[in-house]
Visitor: 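So that we are looking at the same thing, I have put the structure below in structure tokens.
We name chains A, B, ... by the order of the sequence lines, and we start the count at 1 in each one.
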There are 2 protein chains.
Amino acid sequence: MLTIGKLGAQAGVKVPTIRYYEQIGILPEAERSAGNQRLYSRKALERLAFIRHARDLGFTLEAIRDLLSLSDNPDQSCAAADAIAKAQLAEVESRLARLTALKAELERMVVQCAGGRIADCRVIEVLGDHSLCTTDHRHPESEASA
Amino acid sequence: MLTIGKLGAQAGVKVPTIRYYEQIGILPEAERSAGNQRLYSRKALERLAFIRHARDLGFTLEAIRDLLSLSDNPDQSCAAADAIAKAQLAEVESRLARLTALKAELERMVVQCAGGRIADCRVIEVLGDHSLCTTDHRHPESEASA
DNA sequence: TTAATGTCTCTAGCAACTATAGCTTCAAGG
DNA sequence: CCTTGAAGCTATAGTTGCTAGAGACATTAA
């Protein structure tokens with residue numbers, strides 16, 4: 001049995017985060033020692049590692065909750081897990097595309113900074129004028145006039 | 001003079017977001033009509049477009065606050081603006097590298113989903129075992145035992 | 001035994017908004 | 001002129017995923 005600190009060290013998760021996960025119900029309530037301290041089994045460590053890893057991959061806690069409930073009933077089809085992973089992949093691909101465009105624009109900005117006065121600085125200028133963008137990186141939820 | 005709704009439509013920013021920006025002081029307090037409604041000039045539209053664009057590029061509101069205060073005193077050196085943009089570029093590059101690794105791992109997960117039962121699902125399995133990762137995408141702030 | 005460290009609960013804070021409630025103002029049609 | 005509906009106002013609370021603090025109790029090593 002591990003105390004919360006050891007568990008956190010082994011899983012790479014901070015102690016308050018573990019308590020938070022318990023609070024929001026993605027970790028079950030831990031057993032307690034005589035002195036009321038949380039004690040964790042190897043199974044708990046695995047579950048926490050799963051969560052940590054999924055968080056690293058950018059899954060939301062909601063998606064992780066779904067994945068965990070899937071893995072808690074291992075006899076059903078894995079279509080749902082597949083769908084969650086595919087959605088996550090699509091998310092990541094879209095973020096990648098956006099970031100790639102941003103990187104190009106930022107590089108242009110930095111290169112063009114002549115080291116002069118602010119009044120001539122391309123960084124400020126480019127940011128002030130959206131029409132100087134070559135690429136279109138619009139948020140999906142903003143449908144205002146272009 | 002534009003009402004807040006027109007301003008938002010033109011800049012591609014939602015109305016409550018504009019009021020929020022005023023509240024936290026990155027937009028100045030707007031003039032008011034006789035009936036207490038906010039009125040905006042063309043200058044305000046430019047400032048809001050600047051903010052919107054910088055947000056699109058991933059700058060935090062704090063960074064934007066700095067950039068705005070720079071552009072409000074256009075006679076100094078643009079070194080500070082350059083530094084902010086460079087920091088942002090580094091951020092973006094690091095996020096890009098992480099996301100690229102994540103994408104590869106998610107693709108592997110999805111490809112390997114055999115469509116069978118959860119018990120055999122690679123999505124769940126891969127998430128449960130960090131050692132199956134080929135790539136190391138560790139958050140900079142997590143320095144726990146590996 | 002004592003000091004240091006770890007853990008406990010609880011509350012509040014962070015970014016960057018978004019949503020709701022209950023009101024007032026404005027513009028257009030009849 | 002009046003009404004109706006959209007758009008505006010303020011204020012407060014909620015969101016996500018933690019993180020930080022206060023003040024008290026537990027455990028461990030010297």
Visitor: May I ask you to decide whether B/Glu107 forms a salt bridge with B/Lys103, counting only side-chain N to carboxylate O separations under 4.0 Å?
Guide: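 B/Lys103 and B/Glu107: salt-bridged.
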
Visitor: How many Å lie between CD1 on A/Ile18 and C1' on D/dG17, as a whole number?
Guide: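 Interatomic distance, CD1 of A/Ile18 to C1' of D/dG17: 15 Å.
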
Visitor: List the residues meeting side chain to side chain donor-acceptor pair (under 3.5 Å) with A/Lys6, not counting sequence neighbours, and say none if there are none.
Guide: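 If we apply the side chain to side chain donor-acceptor pair (under 3.5 Å) test to A/Lys6, skipping adjacent residues, there are no hits.
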
Visitor: What residues form a side chain to side chain contact (heavy atoms under 4.5 Å, CB included) with B/Gln23, not counting sequence neighbours?
Guide: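 Testing B/Gln23 for side chain to side chain contact (heavy atoms under 4.5 Å, CB included), a comparison that skips the adjacent residues, returns none.
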
Visitor: Would you mind reading off the distance between A/Ile4 atom CD1 and D/dT19 atom P, rounded to a whole angstrom?
Guide: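 Result: 13 Å.
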
Visitor: Please state how far atom CZ in B/Arg55 lies from atom C1' in C/dA16, giving the value in whole angstrom units.
Guide: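 Spelled out: CZ on B/Arg55 to C1' on C/dA16 is 6 Å.
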
Visitor: Tell me the interatomic distance from A/Ile24, atom CD1, to D/dT15, atom P, rounded to whole angstroms.
Guide: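 Checked: the CD1 to P distance equals 12 Å.
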
Visitor: For C/dT18, does either OP1 or OP2 sit under 4.0 Å from a side-chain N or O belonging to B/Lys14?
Guide: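 True: B/Lys14 side-chain N/O within range (under 4.0 Å) of C/dT18 OP1/OP2.
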
Visitor: With a 4.0 Å cutoff (strictly under), does any side-chain N or O of B/Thr3 reach OP1 or OP2 of D/dA7?
Guide: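 It does not, given that no N or O in the side chain of B/Thr3 lies less than 4.0 Å from OP1 or OP2 of D/dA7.
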
Visitor: Separation of B/Tyr20 atom OH from D/dT10 atom P, in whole Å?
Guide: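 Roughly 17 Å, once rounded to whole Å.
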
Visitor: Given B/Arg38, which partner from the list B/Glu29, B/Glu31, B/Glu22 fulfils the side-chain hydrogen bond (donor to acceptor under 3.5 Å, both in side chains) test?
Guide: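 With B/Arg38 as partner, side-chain hydrogen bond (donor to acceptor under 3.5 Å, both in side chains) holds for just one option, B/Glu22.
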
Visitor: Check the distance between D/dT27's P and A/Leu2's CG and give it to me in whole angstrom.
Guide: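 The answer, rounded to whole Å, is 16 Å.
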
Visitor: With respect to the phosphate group of C/dA16, does any side-chain polar atom (N or O) of B/Thr17 fall under 4.0 Å of OP1 or OP2?
Guide: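 No, outside the criterion.
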
Visitor: Please compare B/Gln23 and B/Arg19 by the position of their nearest nucleotide in DNA chain D and report the one closer to 5'.
Guide: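 Upstream on the strand: B/Arg19.
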
Visitor: Who are the side chain to side chain contact (heavy atoms under 4.5 Å, CB included) partners of A/Ser33, not counting sequence neighbours?
Guide: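 Per chain and number, A/Ser33 pairs via side chain to side chain contact (heavy atoms under 4.5 Å, CB included) with A/Gln37, A/Leu39.
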
Visitor: Taking only side-chain N and O atoms of B/Tyr21, does any of them lie within less than 4.0 angstrom of OP1 or OP2 on C/dA16?
Guide: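 Indeed not, no polar side-chain atom of B/Tyr21 lies that close.
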
Visitor: Using a 4.0 Å cut-off on heavy atoms, which residues in residues 26-38 of chain B reach DNA chain C? List them by number, or say none.
Guide: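 When residues 26-38 of chain B is checked for heavy atoms under 4.0 Å from DNA chain C, the hits, listed by number, are B/Ser33, B/Gly35, B/Gln37.
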
Visitor: If you find the nucleotide of DNA chain D closest to A/Leu61 and the one closest to B/Gly5, which residue's nucleotide is nearer the 5' end?
Guide: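 Result: B/Gly5.
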
Visitor: Using the test side chain to side chain donor-acceptor pair (under 3.5 Å), find all partners of B/Glu62 that sit at least two apart in sequence or belong to another chain.
Guide: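 Partners of B/Glu62 by the side chain to side chain donor-acceptor pair (under 3.5 Å) criterion, ordered by chain and then number, come out as B/Arg65.
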
Visitor: Rounding to an integer number of Å, can you tell me how far A/Glu22 CD sits from D/dC18 P?
Guide: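 In whole Å, D/dC18 P and A/Glu22 CD are 16 Å from each other.
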
Visitor: For A/Lys6 and D/dA26, give me the distance from atom NZ to atom P, rounded to whole Å.
Guide: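 It works out to 19 Å between those atoms.
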
Visitor: Under the side chain to side chain contact (heavy atoms under 4.5 Å, CB included) test, which residues partner B/Ser94, sequence neighbours left out?
Guide: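 For B/Ser94, no residue satisfies side chain to side chain contact (heavy atoms under 4.5 Å, CB included) once neighbours in sequence are set aside.
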
